[in-house]
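Ligands are counted one by one from 1 in listed order, and the atoms in each one are counted from 1 as well. FYI, the numbering just counts along the sequence from 1.
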Amino acid sequence: MNPVAPILLTPGPLTTSARTRQAMMMDWGSWDRDFNQMTASVREQLLAIIHGEASHYCIPLQGSGTFAVEAAIGTLVPRNGKVLVLVNGAYGQRLAKICSVLGLAFSTFETAEDQPTTGEDVDRLLREDAAITHVALIHCETSTGILNPLNAIAEVVAKHGKRLIIDAMSSFGALSIDAREVPFEALIAASGKCLEGVPGMGFVFASKEALDQAQGNSRSLAMDLHDQHVYMAKTGQWRFTPPTHVVAALHEALLQYAEEGGLPARHKRYQQNCDTLLEGMQQLGLRSFIPAAIQAPIIVTFHAPDSPNYAFRDFYERVKAKGFILYPGKLTQVETFRVGCIGCVDSHGMQAAVDAIGQALRDMQAL
Ligand SMILES: *Cc1c(COP(=O)(O)O)cnc(C)c1O
C-alpha cells in the first residue's frame, strides 16, 4: 500500500491507492467503445460481488451516494406505495426526508443511536400497518458505526410479502450480502466507499422484476433508474454525461479488489484496522460509543476525552498536522468524534493514527 499523505480516516471520500488515482490520468469519450466496455465490466464485477447476476440489474448513476438512494426510492416505490423507514441515525433520517420530499406516504420507526432495529420490531410494525409496501433500512449506519441485522430483517420483510430497500453505502464490498440468500428489491452503494474508488457515482442493484415494472414511477427525469437502465441496455452508453474519470478509477479499484482477494480479504483488512484502532484507543483511555457486538468494522465513534482542554477543531488540526484526517461526531446528545477503518490503509497505518491521536491529546493536555 502506497497512499500519499494525508490518510483520510473518513467514510468516503477515503484514501485511495496511487494506482487508482493514476487511472484518472487519461480522458475518455462517452461514446467510445473502450469506455463503454469499461462501464460494462464495472457493472458485471459489481453484480458478482452480491451474486446477483440472475436476480438483479446493476444500474449506475452519476452523483454522490444520496443521489442513488433517492433515485432508487423514486423509481421503485410506486406512487401509491408506503415506505416504513427504520431509523437509528442521520442516514436513516435522510431516507425519511427523501420519502417526504418525493411526496411518498411513509412512517418511521426510530430506535436510539446505539440500538439496532430488530426483525421482531419489523414483524410487529408490518402486522400493525397493512398499507406498507416497502421497508427501507440502513445496513451500517455510518453516523455511529452501528450494524443493523440485515439478514433477520430481510427474512421478516419477505415473509410479509413486502419489499426491502437497503442503503448499504458504507458496508457494500466489505460485509457480505448474497442476493441468492437475502431477499431484497434494491441495494444501494457508491464508488467511493469500501471499494476504494473515488467519489462521483452511485449504483443500485434493483430486482429485475421490480425494475421492469417501474416505468413511469419516477417524477424526475435525471433520477429515473428505469430510463437509465433501458438506455444503457440499448446503447451500452450512459444516459447524459458519464463521470468518466470516476468510472476509470473504479474499474482500476475493482481490479485491485480482486487481486487482494475480494470481499473476504477486504473484510479482514478492515476488521484488523478496526481491532487495532479499538485496542489502541482503549489503551489511551478513550471509550467507543457502540457496543462491540454491534460495531461494524467501518467507522468507530469515540467519546471525546472528558477534559476542559479538549476541543474537536484544535484536536482535528493537530492530528491533521501528523498526516491523518478525522471526522467529527454526529450525535446530538454526547460529544464524540469518529475514526474510519476503511480506505487504502492497513493496521500499521491505523496504529500510526492511534499514535498521532495520543500525541495530539497529550500536547493538548486533554488525556
Ligand atoms: C456515505 C453514505 C451515504 C451517501 O452519502 P453521500 O454524501 O451522498 O455520498 C448514504 N448512506 C450511508 C449509510 C452512507 O454511509
Side-chain angles (χ1 to χ4, degrees), residues 8-16 46 59-74 83 85-102 108 110-111 113-114 116-117 135-150 153 164-175 177 184 186-205 220 222-223 225 243 246-247 249-250 253 266 270 274 289-290 294-301 325-331 336 338-343:
L8 301 182
L9 298 177
T10 60
L14 38 65
T15 309
T16 56
L46 293 173
I59 309 152
L61 185 72
Q62 300 92 328
S64 87
T66 306
F67 289 58
V69 177
E70 184 167 334
I73 293 175
V83 187
V85 184
L86 307 175
V87 181
N88 49 7
Y91 288 100
Q93 275 158 6
R94 191 178 295 174
L95 287 178
K97 181 131 190 235
I98 288 170
C99 292
S100 163
V101 168
L102 290 176
T108 56
E110 191 158 353
T111 48
E113 285 165 312
D114 56 357
T117 316
V135 176
L137 167 75
I138 307 285
H139 187 205
C140 168
E141 178 45 86
T142 322
S143 57
T144 57
I146 195 173
L147 188 63
N148 285 307
L150 167 59
I153 290 171
L164 181 64
I165 295 176
I166 310 159
D167 174 347
M169 204 73 62
S170 64
S171 55
F172 173 76
L175 304 183
I177 302 166
F184 60 84
L187 185 140
I188 307 131
S191 53
K193 300 228 174 176
C194 297
L195 297 176
E196 300 182 2
V198 301
M201 66 172 265
F203 44 89
V204 178
F205 300 105
S220 161
M223 308 285 267
L225 291 181
V246 177
V247 175
L250 182 57
R266 188 61 50 101
Y270 289 173
C274 188
F289 174 73
I290 296 292
I294 48 170
Q295 169 71 61
I298 304 296
I299 187 165
V300 182
T301 298
I325 301 291
L326 301 180
Y327 217 48
K330 217 170 188 168
L331 304 185
T336 55
R338 287 177 289 171
V339 185
C341 308
I342 62 179

Review item, side-chain donor-acceptor pairs of residues 92-99, under 3.5 Å, at least two apart:
unit_1 : atom_1 : unit_2 : atom_2 : d
Q93    : NE2    : E110   : OE2    : 3.4
R94    : NH1    : T66    : OG1    : 2.7

Check your understanding: For F67, which residues count as a side chain to side chain contact (heavy atoms under 4.5 Å, CB included) partner, sequence neighbours excluded?
Key ->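 Testing F67 for side chain to side chain contact (heavy atoms under 4.5 Å, CB included), a comparison that skips the adjacent residues, returns L61, S64, M223.
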
Review point. Mind checking what makes side-chain hydrogen bond (donor to acceptor under 3.5 Å, both in side chains) contact with T117, not counting sequence neighbours?
Key: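 With sequence neighbours excluded, T117 shows a side-chain hydrogen bond (donor to acceptor under 3.5 Å, both in side chains) to no residue whatsoever.
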
Exercise for review: Measure up the F203 and F172 rings against each other and bin them: parallel (under 30°), tilted (30 to 60°), perpendicular (over 60°).
Suggested key: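 Correct class here is perpendicular.
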
**Study point:** Closest non-hydrogen atom pair between A296 and C274, with its separation
**Key:**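 Result for this residue pair: O-SG, 4.3 Å.
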
Point to revise | Interatomic distance, D167 atom CG to I138 atom CD1 [nearest 0.5 angstrom] | key: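 Reported to 0.5 Å precision, the distance equals 4.0 Å.
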
Point to revise | ligand 1: protein residues within heavy-atom distance under 4.0 Å | key: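 For ligand 1, the residues that come within the 4.0 Å heavy-atom cutoff are S64, G65, T66, Y91, R94, I138, C140, T142, D167, M169, S170, K193.
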
